[in-house]
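As C-alpha cells, the structure follows; a few thoughts come after it.
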Protein chains: 2
Amino acid sequence: MTKIIDVISQMRKLDGKFPKREQRVADFVLSNLERATRLTQNEISEAADVSVATVNRFCQTVGCEGFRDFNIKLAQSVAVSLQYLGGPSRTDSESEQLVTQVFGALVDTLNLARFQLDSEAVEQAVSVLANARRISFIGVGGGSANVAREGANRFFRLGIPTEAHADGYFQRMLASTLSDGDVIFAISASGQPAELLDSVAIARQYGARSISLTKAGAPLARSADVSIEIDIPEDQDIYKPSASRLVFIAIIDVLAAGTARKRPELVKEYLRRIRTSMIALSEDTGPKPIGD
Amino acid sequence: MTKIIDVISQMRKLDGKFPKREQRVADFVLSNLERATRLTQNEISEAADVSVATVNRFCQTVGCEGFRDFNIKLAQSVAVSLQYLGGPSRTDSESEQLVTQVFGALVDTLNLARFQLDSEAVEQAVSVLANARRISFIGVGGGSANVAREGANRFFRLGIPTEAHADGYFQRMLASTLSDGDVIFAISASGQPAELLDSVAIARQYGARSISLTKAGAPLARSADVSIEIDIPEDQDIYKPSASRLVFIAIIDVLAAGTARKRPELVKEYLRRIRTSMIALSEDTGPKPIGD
DNA sequence: TATCAAAGTGTAAGTAACTTACATGCATTG
DNA sequence: CAATGCATGTAAGTTACTTACACTTTGATA
C-alpha cells in the first residue's frame, strides 16, 4: 500500500529551489493551504499569475503525477496538519482543544504500542487462552483492576469461565487453587506489586499457565510463562490522564478477537445464548456486540 | 475555522437508508475506503456495477456538491482516520494482521468519535463536574459498569468523592439520597436500561445534577441535564470486540482532564498525597501517573 | 387489482477540467 | 556571438464530471 506522501513538507523542502514561475505557485499554495484545496488548476494558475501548464509542472516537481493527484494529496496533508497544528487562525474553543489533545494523545499512544507488540507473544497468549479451562484475571490499583475486570468481561462471552479480582490476599489464595489447564492473567502498569508476583508464582507452582500484561522489563514480565510487554512513555502533564490502561484494554481486545477466531462455532453459540437472555430487556437485538 | 465534514461517518449514518443502487456504491466505498480515494467516478461506477449518474447522486446524497467535492472530502476523512496506520504489508503474520485490524478499528473509531463530540456538551459537563460535591457513576452490564468504575477511578484523584455502582437496586436507592451539589453520571452503550433511567429521574427529583454518556438519541440521553451522545456504528464482525467502551473511556479522560484544569492547585495537592501514600509500595515514585 | 404519482435509475449529450505536444524565449557557456 | 538547454506559454487533445431527459420501479389509493 502507498503511504500518504506529505506534499506540504515536500513543498517546504523544495521551497526556493523551484524554477522562477513554479516558485510563484509554491508561494501561493503555501500561504493559502486550506483555500488551495478547493481551487481548480485553472484558478490557481490565475491566482499565481502563471499558465496552467506551469501549475501542472509544479505538481510533478513536488512528486505527484499531475494536478489531480496533487490536489488530493494536498487535501489530505491539510486535513491531517490542521488537526494537530492548531494553526494560528484556528478559533477552536477551549473544550475543542481539550478533546483534540486527549484524543490525539490516545491515538498516538495506541499507535506507538502497536509497533511494540511482540506478535509472537500475542500468538502464544492466544493459544494459551484458547485452550484454557478457566481464566483468572488479577490486577491491583484502580486502573489495572479495571482492566482485569474488562478482561473477564470479554472472555466469558467466548464461553470460557472467567473471573477478575483486585484483592491481593484473595488473589494469592485463589492462585493456590489453580492447576493444570487453568490460566492466571496478571495485569499491572508498573509490574511491581508483590500481590501479583506472589500469585503468579503460586499458580505456576501448581501447574497453571501464566500470562502477564505489563511494562517492559518489569519483574512481573519475567515471572510469567507468556509475557506481553509494553513500554509507554507517560505524559509529563500530570493533568493529562495516562493512556496506558487504554492500551491495555486494546491489547485485551486483540487477544479476545484472536481467541474468538480459534473457536468460531462455539463462540457463535455462546453469543447467541447471551443475546437471547437479553431479548426481554432491550428492543434492539440485532447482530450487534452484546452487553451494555 | 472550516470544519472538515466527515463523509465517512456521514456514510455510516446513512448506511442502509440509501436507495438500492446508491447503497451498492456505499457498500463498495465503505469497504474500500482507501482505494476509493484514488478511483475516478467512472471506475467506482464500474466496481459497484451502477451508472456514473448514480455515483454522482450518491455523492450529493451524502452532502457533497458532486463527485469532485466528495472525492476530496473522502480523501481527507481517510487521511485523518488512517494517519497513523502504515498499511499492513503482505508479509504480516496472522497475529500481526490481527493486531493491525483491532488497533486500526480502534483508532478509526476514536477519530470518528472525536468529530461527533459536541464541545458545548463537554464544556457543560466539565463545569458540572468541577463543581460537584460528589459524583456517583452508574452503569449496568459488564462494559458500561467497567466504564463507570473507570470514571470513579479517574475523578477521585482530583479530590472529588466518587463511587461507582453496577447494581440496579442499589443505584435507585443511592439516587434517592443525592441532593443539590451532587452529580449522577449514567453510562450506557444502549441508553435503554430502566435502572439508569429510573436512577437519573430519582436523582433529579431530589435536586442532583445529571450527566449521561450514551448513544445518540437514546432515552437516557433525553433524560439527563447534560448529555454526551455518540453514535458508533458497531462492526458487523461479531468476533471483533466493540470499540464503543474504549471511546467512552476516552471521553471520560477528556472530562477528567478538563476538570483537572479547572482546579489545578487542588489537584496537584491530591496527587501529591496519593503518591506519598504509595512510596512504601513501589520503587518508582517519579512524576508519573499514579496508581497501577 | 388497476392506476397514478413519486422516487429511482440509466443513457447520452454537454461542459468543465486536466494533460500533453510543441513553439518560443531566455540564460548560460564555450 | 552562437549554440545549447532549460523554462514557459499556447493551444489542441483527452479525460472526467455534470445534467437533462426518458424509462422503470415502487408504493399508495380507489
Side-chain angles (χ1 to χ4, degrees), chain A residues 2 5 7-8 10-11 13-30 32-78, chain B residues 5 7 10-11 13-30 32-78:
Chain A
T2 4
I5 295 156
V7 286
I8 294 182
Q10 183 68 9
M11 282 189 288
K13 195 191 292 176
L14 297 175
D15 200 17
K17 295 170 196 152
F18 286 108
K20 266 199 291 290
R21 308 304 294 258
E22 288 185 31
Q23 182 65 51
R24 295 172 65 104
V25 180
D27 290 345
F28 172 76
V29 172
L30 280 172
N32 295 279
L33 280 178
E34 215 230 325
R35 193 174 137 225
T37 293
R38 295 189 299 269
L39 299 179
T40 68
Q41 187 174 214
N42 225 305
E43 289 167 322
I44 290 178
S45 80
E46 273 175 36
D49 195 25
V50 297
S51 71
V52 277
T54 301
V55 175
N56 207 285
R57 272 188 287 269
F58 164 81
C59 298
Q60 293 172 352
T61 306
V62 295
C64 301
E65 287 182 17
F67 181 80
R68 226 169 256 286
D69 189 34
F70 171 79
N71 198 24
I72 286 184
K73 292 209 170 105
L74 178 67
Q76 294 190 314
S77 291
V78 168
Chain B
I5 295 155
V7 287
Q10 184 67 9
M11 282 190 287
K13 197 188 289 175
L14 296 176
D15 200 18
K17 295 169 196 150
F18 286 107
K20 261 200 294 292
R21 306 306 294 260
E22 288 185 33
Q23 181 67 49
R24 296 171 65 107
V25 180
D27 290 344
F28 172 76
V29 173
L30 280 173
N32 295 279
L33 281 177
E34 211 247 326
R35 195 175 135 222
T37 293
R38 293 189 302 268
L39 298 180
T40 67
Q41 187 175 216
N42 226 306
E43 289 167 321
I44 290 178
S45 80
E46 272 176 36
D49 195 26
V50 298
S51 71
V52 278
T54 300
V55 175
N56 208 284
R57 273 188 287 268
F58 165 80
C59 298
Q60 293 171 354
T61 304
V62 296
C64 300
E65 287 182 16
F67 182 79
R68 225 168 260 286
D69 188 35
F70 171 78
N71 198 22
I72 287 185
K73 292 207 171 109
L74 177 67
Q76 293 191 315
S77 292
V78 169

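Letters A, B, ... are given to chains in the order of the sequence lines, protein chains preceding strands, and every chain is numbered from 1.
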Check your understanding: When rounded to the nearest 0.5 angstrom, what is the spacing between CG in B:Asp27 and CG in B:Asn32?
Key -> 10.5 Å
Exercise for review: Specify whether A:Phe58 and A:Phe70 have parallel, tilted or perpendicular ring planes, treating 30° as the upper limit for parallel and 60° as the lower limit for perpendicular.
Suggested key: perpendicular
Check your understanding: Does B:Thr54 place a side-chain N or O at less than 4.0 Å from the phosphate oxygens OP1/OP2 of C:dG10?
Key -> yes
Check your understanding: Whole-Å distance between C:dC26 P and A:Arg21 CZ?
Key -> 12 Å
Practice item. Mind calculating the distance between NZ (A:Lys20) and P (C:dA27) to the nearest angstrom? Key: 6 Å
Point to revise | Side-chain (B:Arg21) to main-chain (B:Asp49) donor-acceptor, under 3.5 angstrom | key: yes
Practice item. Measure the distance from CZ on B:Phe58 to P on C:dG8 and round it to the nearest whole Å. Key: 15 Å
Revision key, fill the gap. Rounded to the nearest 0.5 angstrom, the CD-CZ distance for B:Glu43 and B:Arg35 is 8.5 Å
Point to revise | From CG (A:Asn42) to OG (A:Ser51), nearest 0.5 Å | key: 10.0 Å
Revision key, fill the gap. Whether each nucleotide of nucleotides 14-21 of chain D has a protein heavy atom under 4.0 Å at its base (B), only at its sugar-phosphate (S) or at neither (-) is summarised, 5' to 3', as --SBBB--
Review point. Between atom OG1 of B:Thr37 and atom CD of A:Gln76, what is the distance when rounded to the nearest 0.5 Å?
Key: 6.0 Å
